[in-house]
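Remarks on the structure that follows.
Just so it is clear: chains get the letters A, B, ... in the order the sequence lines come, proteins before strands, and each one is counted from 1. Everything numeric here is computed off the predicted structure, so don't read it as measured data.
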There are 2 protein chains.
Amino acid sequence: LTLIVAFDRSSSKDGKEVIGTISKICNMVSGVKLGIPLFAKHGATIAREVREVCRNNMIIADLKLADIGDIMISTAEVLLPHVDAFIAHSFIGREGALDDLKSYLDSRGSKLILVASMSHKGSTEVYDKEIDSIASVIKGINPWGIVAPATRPEVIGRLRESLGKEIKILSPGVGVQGAKPGVALCNGADFEIVGRYITNSSNPVETTKLIIYEQKRRLDKCRR
Amino acid sequence: LTLIVAFDRSSSKDGKEVIGTISKICNMVSGVKLGIPLFAKHGATIAREVREVCRNNMIIADLKLADIGDIMISTAEVLLPHVDAFIAHSFIGREGALDDLKSYLDSRGSKLILVASMSHKGSTEVYDKEIDSIASVIKGINPWGIVAPATRPEVIGRLRESLGKEIKILSPGVGVQGAKPGVALCNGADFEIVGRYITNSSNPVETTKLIIYEQKRRLDKCRR
């Protein structure tokens, strides 16, 4: 399984329609990623309810944590009972930030995923200029995985080469943001993350199936 | 008024003790900053309740937003009814990120505050290497304010010089993180942000008074 579905927003007061959709999809995918707008609206409740309907999936809290260690640990503490992994930015550095978060998550058996580069164009304005410092932060922290954009597959290749085979690479930007399913996988990613293309679809289950099919088709080609 | 109090965590299920403390302090301070752990636990509810007890304060949602524009806008949308300002990271760049967020917040009469540098040591590992690119992102976006660390007052001075007098500078790191009250103000900041030193105090009201007194005392000295 190489697909992670991103849920970022809800239209109802209690988010029940999100839980409904997730419950239909989670047996088809590897993981479920929950975005900041959902937490800003529903707090920990939404993660608890997703856990209840997707017991066997990796649930990722994508708060894009980028604060001092103390605050990131307090955030993780709140969500640890419901999620398996946390996404944080590598840009904030180690001392007093990612070092603390990593130790804390390790001690609780939870996973850390670090953003290495982002899928929007502005990522090149500052973030990608520091790709070497960022690779060095990532090597020092040794997280379970990193996030690198499907929209710029050459960045994935570069990070895979620099970081080795053990680390998991998760690639957002597939679908609405323009990357085709399978392209990131062909360039060295382990998982592709799809959000709006599935969540805004009139038939999320069929759209999920279609993406999985497209991923396999492209992978078969590039691995030939 | 030059003090902003940061509330980052709650110990009770509904966060009522946080609301209780805030309600005693808000008439003494300029603003209230709410941190990620509170939103991760309580969602929008906590901001709505703070708004109810502090009608005349600037309420800041400090989610340290660092995502693509689409996600940051959806986050702001959820909290706009309850807060006056949003903190986002400048390192994510403009195109497809801060440009979008700024336009959206402008159209809703809400304030944007950009992190320019952070208070922990790791900020020097990547963030502060790009201080020139970051100053250029900030100039391009022209936010209401920026965040720069009281723990490294020379960074405040440098940013004040580069960005001019109009922009507000908010400085965290006062108290538990080591900076003395008033030092950031003496170096060009408009507001100092104090969190744990007040929120962990056995008497938050008295501690707030003490900090305000210390700020004035130091400011009187440095302005002489």
How close do [X] and [Y] get, counting heavy atoms only, and between which atoms?
{"X": "A:I68", "Y": "B:M118", "answer": "N-CE, 3.9 Å"}
{"X": "B:S90", "Y": "A:V126", "answer": "O-CG2, 4.4 Å"}
{"X": "A:A40", "Y": "B:T75", "answer": "CB-CG2, 3.9 Å"}

Counting only heavy atoms not in [X], do more than 12 fall under 6.0 Å of its [atom1]?
{"X": "A:Y197", "atom1": "OH", "result": "no"}
{"X": "B:R160", "atom1": "CZ", "result": "yes"}
{"X": "A:K111", "atom1": "NZ", "result": "yes"}
{"X": "A:E154", "atom1": "CD", "result": "yes"}

Contact class of [X] relative to chain B, heavy atoms under 4.5 angstrom:
{"X": "A:I92", "value": "both"}
{"X": "A:S123", "value": "backbone"}
{"X": "A:H42", "value": "backbone"}
{"X": "A:R94", "value": "both"}

Most contacts with chain B, counted as non-hydrogen pairs under 4.5 angstrom, among A:G35, A:G93, A:A61, A:P37: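 Most pairs with chain B among the choices: A:P37.
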Given the options A:R196, A:E77, A:M72, which has more heavy-atom pairs under 4.5 Å with chain B than any of the others?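 Among the listed options, the one with the most contacts to chain B is A:R196.
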Are the side chain of B:E125 and the backbone N or O of A:E95 linked by a donor-acceptor pair below 3.5 Å?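 The answer is yes, because a donor-acceptor pair under 3.5 Å joins these two groups.
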So does A:A66 get a backbone contact from the side chain of B:H89, meaning a donor-acceptor N/O pair under 3.5 Å?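 Yes, the answer is positive, given that a donor and an acceptor are paired below the 3.5 Å cut-off.
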Given the rule in the side chain to side chain contact (heavy atoms under 4.5 Å, CB included) test, do B:R9 and A:I71 qualify, once you have shown the distances and angles that lead to the verdict? CA-CA 9 Å; B:R9 41 187 86 67; A:I71 299 289; 3.9 Å; yes
Spell out the residues in residues 134-141 of chain A that have some non-hydrogen atom less than 4.5 Å away from a non-hydrogen atom of chain B, in order of number; otherwise answer 'none'.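 Contacts with chain B: A:I134, A:V137.
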What is the distance from atom CD1 of A:I36 to atom CG of B:D67, rounded to the nearest 0.5 Å?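 If we round to the nearest 0.5 Å, A:I36:CD1 and B:D67:CG are 4.5 Å apart.
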Angle class for the B:F91/A:F91 ring planes (parallel below 30°, perpendicular above 60°, tilted otherwise)?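 Taking A:F91 first and then B:F91, their aromatic rings lie parallel (interplane angle under 30°).
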Any residue of residues 170-180 of chain B which, by heavy atoms, sits under 4.5 Å from chain A: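 From residues 170-180 of chain B, the residues near chain A are B:Q177.
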Using heavy-atom distances under 4.5 Å, tell me whether B:D70 contacts chain A through its side chain, its backbone, both, or neither.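 Contact with chain A is through both the backbone and side chain of B:D70.
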Before you tell me yes or no, could you show the steps for B:K129 and A:S133 under side chain to side chain contact (heavy atoms under 4.5 Å, CB included), namely the whole-Å CA-CA distance, both residues' side-chain angles and the distance that decides it to 0.1 Å? CA-CA 10 Å; B:K129 286 185 189 167; A:S133 312; 3.2 Å; yes
